[in-house]
Number of protein chains: 2
Amino acid sequence: MSSINLKRLSEELGLSISSVSKALRDSYEISAETKKRVMEMAEKLNYQPNPFASSLRRKKSLTVAVVIPEIANNYFALAINGIQTVAQQKGYHVLTYLTHENAKDQESTIRHLQGGRVDGVLISLCSDTSTGNQLTELQNAGFPVVFFDRVPDAPGCPTVTTDDFDGGFKATEQLIKSGCKKIAYLRVSGYLSTTVNRMNGYLAALQKYGIPHDTKMIVECSNDDDSNQELIKKVLKMRGRPDGILSSVEKLAISTYYACTEINLKIPKDLKVISFSCLRTASLLSPSLSTITPPAFEIGKEAASLLFRMIEKKVYGNRIDKIVLNSSLIQRNSSR
Amino acid sequence: MSSINLKRLSEELGLSISSVSKALRDSYEISAETKKRVMEMAEKLNYQPNPFASSLRRKKSLTVAVVIPEIANNYFALAINGIQTVAQQKGYHVLTYLTHENAKDQESTIRHLQGGRVDGVLISLCSDTSTGNQLTELQNAGFPVVFFDRVPDAPGCPTVTTDDFDGGFKATEQLIKSGCKKIAYLRVSGYLSTTVNRMNGYLAALQKYGIPHDTKMIVECSNDDDSNQELIKKVLKMRGRPDGILSSVEKLAISTYYACTEINLKIPKDLKVISFSCLRTASLLSPSLSTITPPAFEIGKEAASLLFRMIEKKVYGNRIDKIVLNSSLIQRNSSR
DNA sequence: CATTCTTACGAAAACGTTTTCTGATGTTTT
DNA sequence: AAAACATCAGAAAACGTTTTCGTAAGAATG
């Protein structure tokens, strides 16, 4: 809107457009004195360079995209916070896109991003994902892409994740040590690297402690809170019901709490619960919720930093970073 | 990155650049047959128009900015969700900027936005705000700006808010009816429309029920959780301490819970608490937290819709929309 | 003095679109 | 048959930058 541009500025100063441009970019071709004059006039007229002209010419958008399943989610909100912090400090702009756990949305977003609107992409895959090909297409085109949290299992992808296997293992171990004999695992339907790795940790812990693996203890949930709650209630009412629950995502722990209230099961007496979660109020819940907490903010920061390294050095060629951060297990009353 | 552009496409088709462009935009100047050929080739080569060239030429970015104090906050996360939902459906892109409650950041963001990177701005002011002038400058330049939640008190601003006065009034009334005689109000330092309107509702309720207003009951908190917790503890330990607390924002209610745990005050027996909050787990807290819940998602949607109306009809001239949505008071155990 | 080098600046092309203007062909009207 | 018109397509300018190249004037060199 600000209709003052280089042309206007150059007329005001009695200089050519190119000289003004060079002065503003602090080129050695311009004398110190002229630079000063230009800077002052630019300041005075509140000159703001047109970002589109600049991006068009330089083939650089100074913008990155963040593609996530949802935003009203403690984990992703914190991760974005980390991403923004790094990006803003680097002078980059951040576009966010929500896929709503919908592969179609994710695909069209990725396709769109190929238009060159951004210099790089940070993405956490939706559960309903089958778009690996599209993404590798992007990557093969030399486009910087960093996956975080929910990542593809392909080896060629730079990723930032938490030690999900270890988290699942330790959480399960903790439940076992608190006396649980039958531990259910609440997973999300579809393929999610996180949920699968966490499950593998869970299975490994069962094996280590000689607890037989029962497929009825793997509960596959959907994205609908109400039906999840019904499903969990059903599991908790069946013969040989679980006495411990490991929830792979926060919202399933919430649903478990509600389910227990409804069918009058007491946590932790009748059922011990532990969940992956970034809930700030975990310790204020009734009972306080034991959690495995991924360092979401740091994950965002690391992912963004990695992306900027990839963007900045043209040649990130053969090096593939796989960064793994530790999550912390915090035992509270729900699993004692 | 996708280096196929109109030139490449036109060569492939044996047409001129302009014809291809017109075909893609479905111009009447191009025959149906040619259009079909062009569309197919564009599809085949996965042509993605360069957004910068397009924006430069058309002076339209198809992008809006969201400027908020923080994102790791249930309210703002939900609001962004609403904004994104509307924007994505309209084919717009969303840039987000965090001010971290910092007026300097907010200023520089606004200044930057004048460069024309976006077609409109959605903003919720930071607490430390003194930048009204800058914003009206933007508005005077005919730039579409919609304020939501935390708004300036100037009459010329389109806003989307909740009935904060009413919420503060009813919440206070509820505490009084539950037997509270001395009710403290936790506010945030600096000027925030929300916190002030809520306080006025609080004061009005006190007056209606003939409760004397005591300035010591207005507790001005900062942005630091730890020092807030200390401050609240101090208030709860003083002579003539409050027996009820109305918290103007979610995080202060959390701090209150922690403070009570530390000094061994029981909610609701020793202290009744009610808070403005979008916490999904309010009913699972110990004790469950009474809340006044603003419809954050809808606020985001309304704000975005209003902004798009402003962007789309060039002339929104003398009409100023002030949309107010109702928040809902949910009484739970913390205030019974 | 003639040549090469700096220094400081301007002219113009380029980025990839969109849009206005112009024109060629064939079709309808007078 | 001449004139007006409709249809379709291309040429070229424009958006506001950045960058390459050219060059004038003076300084340094031989």
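Letters A, B, ... are given to chains in the order of the sequence lines, protein chains preceding strands, and every chain is numbered from 1.
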### Query
Does K44(B) pair with E40(B) as a salt bridge, N-O distance under 4.0 Å?
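No, no charged N to carboxylate O under 4.0 Å.
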### Query
Got a salt bridge between E312(A) and K90(A), using NZ or NE/NH1/NH2 to carboxylate O under 4.0 Å?
yes
Send over the distance from [X] [atom1] to [N] [atom2], rounded to a whole Å.
X      : N       : atom1 : atom2 : value
E33(A) : dT7(C)  : CD    : P     : 16 Å
K60(A) : dG16(D) : NZ    : C1'   : 19 Å
Q48(A) : dC15(D) : CD    : P     : 20 Å
F52(B) : dG16(D) : CZ    : P     : 17 Å
L13(A) : dA8(C)  : CG    : P     : 17 Å
N5(B)  : dC15(C) : CG    : P     : 9 Å
I30(A) : dT19(D) : CD1   : P     : 13 Å
E11(B) : dG10(D) : CD    : C1'   : 15 Å

Given [N], is OP1 or OP2 found less than 4.0 Å from the side-chain N or O atoms of [X]?
X      : N       : value
S31(A) : dC9(C)  : yes
T34(B) : dC8(D)  : no
K59(B) : dG16(D) : yes

Do [X] side-chain atoms and [Y] backbone N/O form a donor-acceptor pair below 3.5 Å?
X       : Y       : answer
K322(A) : C157(A) : yes
S124(A) : F148(A) : yes
S61(B)  : D119(B) : yes
T85(B)  : N81(B)  : yes
Q88(A)  : L98(B)  : yes
S21(A)  : I17(A)  : no

### Message
For nucleotides 18-28 of chain C, give me one character per nucleotide, 5' to 3': B if any protein heavy atom sits under 4.0 Å from the base, S if the only such contacts are to the sugar-phosphate, - if neither.
### Response
BBBB-------
### Task
By nearest nucleotide on DNA chain D, pick out whichever of L56(B) and K35(B) is the more 5' one.
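Closer to the 5' end of DNA chain D: K35(B).
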### For the student: nearest non-hydrogen atoms of V160(A) and A303(A), plus distance
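Here V160(A) and A303(A) meet closest at CG2-CA, 3.7 Å.
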### Message
Tell me the bend of the helix from dC1(C)-dG30(D) to dT30(C)-dA1(D) as the angle between end helix axes, each from five pairs, rounded to the nearest 10 degrees.
### Response
50°
### Query
Counting side-chain heavy atoms from CB outward, which of dT17(C), dC15(C), dG10(D) is closest to L15(B)?
dG10(D)
